[in-house]
Number of protein chains: 2
Amino acid sequence: MQLQVTQENLNKALSVVARVASARNTLPILANVLIKTVDNRLSISATNLDIAITEHIGAKVIEEGAITVPARLMQDFISSLPSGVIDLKLVEHKLNISTDKYQSVVNGVVADDFPVMPAINMKDGSGQTWTINGSVLKKGLQQVIMAASSDESRPVLTGVLLQTQDGHLYAAATDSYRLAEKDLGPNDQDIRLLIPATAINDLLRILGDYSEAVSVTHDDQQVLFQANDVDLVARLIEGKYPDYRKLIPSSFAVEARLSRADLVNVTKVSSLFARESAGSITINVEETKNELSVRSVASQLGENIASATGTVTGSGSITLNSRYLLDALHAFSGDEVAFCFNGKLEPTLLRDPGNQDYAHIIMPLKS
Amino acid sequence: MQLQVTQENLNKALSVVARVASARNTLPILANVLIKTVDNRLSISATNLDIAITEHIGAKVIEEGAITVPARLMQDFISSLPSGVIDLKLVEHKLNISTDKYQSVVNGVVADDFPVMPAINMKDGSGQTWTINGSVLKKGLQQVIMAASSDESRPVLTGVLLQTQDGHLYAAATDSYRLAEKDLGPNDQDIRLLIPATAINDLLRILGDYSEAVSVTHDDQQVLFQANDVDLVARLIEGKYPDYRKLIPSSFAVEARLSRADLVNVTKVSSLFARESAGSITINVEETKNELSVRSVASQLGENIASATGTVTGSGSITLNSRYLLDALHAFSGDEVAFCFNGKLEPTLLRDPGNQDYAHIIMPLKS
């Protein structure tokens, strides 16, 4: 293998890909990135066996070849080099990297040992391909991913569900304490993909400001996202996802519409006094005062009451985890938010009064 | 106690002071800040018994008084409030904090229990007072503090020495592997203060961009810095400081003058390959090529050679810890740096060819 690439391109590709490689894996080669010439370009890949990411960059290929090298060293090294042309030349298993002022030799491991994710089966009819706008996909996934669980004891809840229903594609996630669902717009396919939240995080990073079409290809086992010269393959989570829709109440006895910034502020201040009680705050909505107030009590430290005014229908109070409420409020982008609930033991719904495509549910705490 | 302060002033004072308070201390009240009316102003203090910081802010005092409250809660809470006037009112041991939309009660502990640092003895002649420009002091301390040790087994090396010699004030620090000394300019006092590096870090934070005179008052036990409405008192370190001056060679067989940015860059790149060998890099200076090259070898990962050109007198090589070299290079501000040494076992000196007031010495590693 012998070729020339620019420091800018190689550095960008390594910063996208190398994060998936980990030295903590039991298989030592998973700490490496695969560098390979493909059709007069260079592909840079890393995998942790659940997720594989490959970026293709332009290169002047003099001699074809492939090698794997330590991901962290390679990334730190290339990012420290000045911009300009870098020469890569493989001599036995040693990758020689040089510019006019730097000469390095990085010891590699033969590419044959690098694990490859199985190809998606498009032939027997189980595979499907469709596209979605990158900005729409990114915004939607960002609005639901915080509700996915990190508790591996219930694997289905660690995923984000992409599912079609009545001609629309929805993204949803729940950890059983809260639930977020986003309508991603019309889609005429029949889709049901449960994707690990960790892969979604990598996808969000890759999408960046990419606003063109993302191609999505999948079979029963895997999904492939293609955007911005990057391929991300993720193994799907198996199992039955809870029928979350029945958790969302259809009507509410109490609704407070108020400035989202005000609600963020009173929640944040109240949460400081709720550290002792694992974030528990009590929200009181009063129709006669057109006011929502938040109360938190810390037996040792003191107590706090903070209030915000808005447009209120009905009165009542409910106890929530302040962190979940802040996460939910940060997922919206509008100026106003509606805070809706029925009784003390029923879920709270947050939504944007001017935009019905996103719903965020928080289960109450016992108070 | 009853008074009004602005959120801006109280927040700034807490951010300067509260950091010294720690919940990890054995004395629970040291996790609190002392809030006290003094001469129609409000003073906010915290201490860890080695360092005490007090900031004075303007206030509209309605009733005099004092209380201590949890530092972290108070800081987080006040910083979350919107800007504007805050009412503070003490009712028994409870501090009531209110604005138009927020009402909080923070449980306090009586101020009588708060430990006070002893006053500096100015009467018997052991105390001294002098001033120094804030910018000069800050820049000088920043250039030496990285060389202080964090190893508590030799307490004198955890300090920064401020000492007069031949009518000049010098700041110096050494951890026995490296040494930094800065000339802070003429001073006609007889000064010898060994100040804990932790206190110097707090002082640097307090100085910020303060460019006026800092007042320094001290006796045998303590030093008081006054700047920017803030008082910092630190307990001095006792013990004999090493006679570091004799470590600094007066002449050098090899000297390379080169761009500081170039040397930072080649050192940084080489340090990536030096992780296995605890940062060890070998620097080779060649007079015939007018070149300084840095070599690092990692048996597992590979090896690297990087070079930079400059003006060279003499030839030779020396092995250093790359982290110490990077720390030293970052302490300079000029474009050029001189890298000087004699033999493999003797100290390396870094200095600015255009400015002789700062010297940085690094002891070699065995190679």
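Every heavy atom of this structure was used, including side-chain atoms; hydrogens, water molecules and symmetry mates were not.
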Engineer: Can you see which heavy atom on A/A66 is nearest to which on A/M1, and at what distance?
Structural biologist: N-SD, 3.9 Å
Engineer: Has B/T282 got a side-chain atom pairing as donor or acceptor with B/T319's backbone, closer than 3.5 angstrom?
Structural biologist: no
Engineer: Report the option among A/S307, A/G108, A/S270, A/S104 that has the most heavy-atom pairs separated by less than 4.5 Å from atoms of chain B.
Structural biologist: A/S104
Engineer: Residue by residue, scan residues 68-77 of chain B and write down, ordered by number, those that have a heavy-atom distance under 4.5 Å to chain A; if none do, write 'none'.
Structural biologist: B/P70, B/R72, B/L73, B/D76, B/F77
Engineer: Please name the pair of heavy atoms, one in A/Q4 and one in A/D87, separated by the smallest distance, quoted to 0.1 Å.
Structural biologist: NE2-OD1, 2.9 Å
Engineer: Evaluate the criterion side chain to side chain donor-acceptor pair (under 3.5 Å) for residue pair B/T313 and B/E255; output intermediate values, then yes/no.
Structural biologist: CA-CA 5 Å; B/T313 318; B/E255 176 172 341; 5.8 Å; no
Engineer: Contact between A/N107 and B/L301 at the side-chain level, heavy atoms closer than 4.5 Å - yes or no?
Structural biologist: no
Engineer: What is the minimum heavy-atom distance between B/S315 and B/V254, and which atoms define it?
Structural biologist: O-CG2, 3.5 Å
Engineer: Any side-chain heavy-atom pair from B/H360 and B/I362 closer than 4.5 angstrom?
Structural biologist: yes
Engineer: Among residues 8-20 of chain A, which ones touch chain B with a heavy-atom distance under 4.5 Å?
Structural biologist: none
Engineer: Using side-chain heavy atoms (C-beta onward) and a distance below 4.5 Å, is B/F339 in contact with B/I318?
Structural biologist: yes
Engineer: Quick one: are B/T47 and B/L30 in side-chain contact, heavy atoms under 4.5 Å?
Structural biologist: yes
Engineer: Considering only heavy atoms and a distance below 4.5 Å, find which of A/R275, A/K94, A/Q300 pairs most often with chain B.
Structural biologist: A/R275
Engineer: Would you say the side chain of A/E286 lies within less than 4.5 Å of the side chain of A/V312, judging by non-hydrogen atoms?
Structural biologist: no
Engineer: Once salt bridge (Lys or Arg N to Asp or Glu O under 4.0 Å) is applied, what residue pairs with a partner in residues 323-340 of chain B remain, sequence neighbours excluded?
Structural biologist: B/R178-B/D327, B/R323-B/D327
Engineer: Counting a contact as any heavy-atom pair under 4.5 Å apart, which residues of residues 287-297 of chain B contact chain A?
Structural biologist: none
Engineer: Distance from A/I67 atom CD1 to A/H93 atom NE2, nearest 0.5 Å?
Structural biologist: 6.0 Å
Engineer: So B/S80 and A/V269, do their side chains get closer than 4.5 Å, heavy atoms only?
Structural biologist: yes
Engineer: In the structure I gave you, are the side-chain heavy atoms of B/L272 and B/N304 within less than 4.5 Å of one another anywhere?
Structural biologist: no
Engineer: Do you know which of A/T99, A/L95, A/D262, A/I305 has the most heavy-atom pairs under 4.5 Å to chain B?
Structural biologist: A/I305
Engineer: Does A/T37 use its side chain to pair, donor to acceptor, with the backbone of A/G65 at less than 3.5 Å?
Structural biologist: yes
Engineer: Counting only non-hydrogen atoms closer than 4.5 Å, does A/D100 touch chain B with its backbone (N, CA, C, O), its side chain (CB onward), both, or neither?
Structural biologist: neither
